[in-house]
Structures are given as C-alpha cells and as structure tokens.
Amino acid sequence: MTYLTIQHKVRDYKAWKEVFDNFEDTRKSGGEKAYHIMNTEDDPNNLYVMFEWDSRENANSFLQSSELKKTMETAGVVEKPTINFLNHLDRGKL
C-alpha cells in the first residue's frame, strides 16, 4: 500500500468536492483505494487530502496524467499542490 498527501487551495470546497466525486471511477481504476479529506480551521478551502493507493507506480502515473491536470482546473484548484509520499510506520486506536 502506498500513501500520499496532497495539499492545495481551491476556490470553493463544495464545487471542488462535486468534481472530486465525479472523478471517482477514474481514481479507482488508477489504483486509489481510500481517501480522507481535511481542511484547516481558518480556511475551509485549504485542503489536505490523504490517499491510499495500490502501488507507488500507479499513484505516480495518475499524478502525471493530463486528465488529472484538466480535472484539477475544472475543480477550481487555485495553487500548485504540495504532494508527499508517506511511509506507514504504525497505527493505533485508543
């Protein structure tokens, strides 16, 4: 399993989320397994999205796709995203 985070600002979360949801089949066929969407308390349009992918190769291919770039423009992403791949070290529940 591969984990990555993407942080970016959008014009309007609600409009962005609609495009994100409509892109689900494409994301899933590319290897995405799960996601979490979060924002900052002071700016609801400053998003942090954590994804689980089946492989780093599939995640990289998806991130490089022209379809993703077009979809991000349509969704109202207003600044270049910050992307980080993460290593899973531990998980717990309290």
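Taking 4.5 Å as the limit, some side-chain heavy atom of Met72 sits within range of a side-chain heavy atom of Pro81. Residues Asn60 and Phe85 form a side-chain contact, since some pair of their non-hydrogen atoms from C-beta on lies under 4.5 Å apart. Using a 4.5 Å heavy-atom cutoff, the side chains of Gln7 and Thr82 are in contact. By the 4.5 Å heavy-atom criterion applied to side chains, Leu68 and Thr26 are not counted as neighbours. Side-chain atoms of Thr2 and Asp54, non-hydrogen and from C-beta on, never get closer than 4.5 Å to each other. Asp21 has its side chain out of reach of Val19: every pair of non-hydrogen atoms, C-beta onward, lies at least 4.5 Å apart. The shortest distance between side-chain heavy atoms of Tyr48 and His8 does not fall below 4.5 Å. Taking the side chain as every heavy atom from C-beta outward, Thr5 and Leu86 approach each other to under 4.5 Å.
Taking all atoms of both residues into account, the shortest heavy-atom contact from Trp53 to Ala59 is CG-CB, 3.7 Å.
Here CG of Leu4 is found 6.0 Å from CG of Leu63. Values are rounded to the nearest 0.5 Å. Going from atom CD of Glu18 over to atom NZ of Lys14 covers 9.5 Å, rounded to the nearest 0.5 Å. Between atom OH of residue Tyr3 and atom CG of residue Asn87 there is a gap of 10.5 Å, rounded to the nearest 0.5 Å. Atom CD of residue Glu67 and atom CZ of residue Phe62 lie 7.0 Å apart, to the nearest 0.5 angstrom.
Remark: Ser55 pairs with Glu57, Asn58 by the side-chain contact (heavy atoms from CB on, under 4.5 Å) rule, at least two apart or across chains.
At a threshold of 4.0 Å, the pair Glu52-Lys33 does not count as salt-bridged, since none of the basic side-chain nitrogens sits closer than that to a carboxylate oxygen.
Between the Arg56 side chain and the Met1 main chain, no donor and acceptor come within less than 3.5 Å of each other. No donor-acceptor pair closer than 3.5 Å links the side chain of Asn46 to the backbone N or O of Asn39.
Both Leu47 and Tyr35 are part of a single hydrophobic cluster, where members link through side-chain heavy atoms under 4.5 Å apart. Linking Ile, Leu, Val, Met, Phe, Trp and Tyr residues whenever their side-chain heavy atoms come within less than 4.5 Å places Ile83 and Trp16 in a single cluster.
Arg27 forms no cation-pi arrangement with Phe51, by the criterion of a distance under 6.0 Å to the ring centre and an angle within 45° of the ring axis.
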Exercise. Go through the steps for Lys9 and Asn45 under the test side-chain contact (heavy atoms from CB on, under 4.5 Å), then give the verdict.
Key: CA-CA 6 Å; Lys9 288 194 176 195; Asn45 296 314; 5.7 Å; no
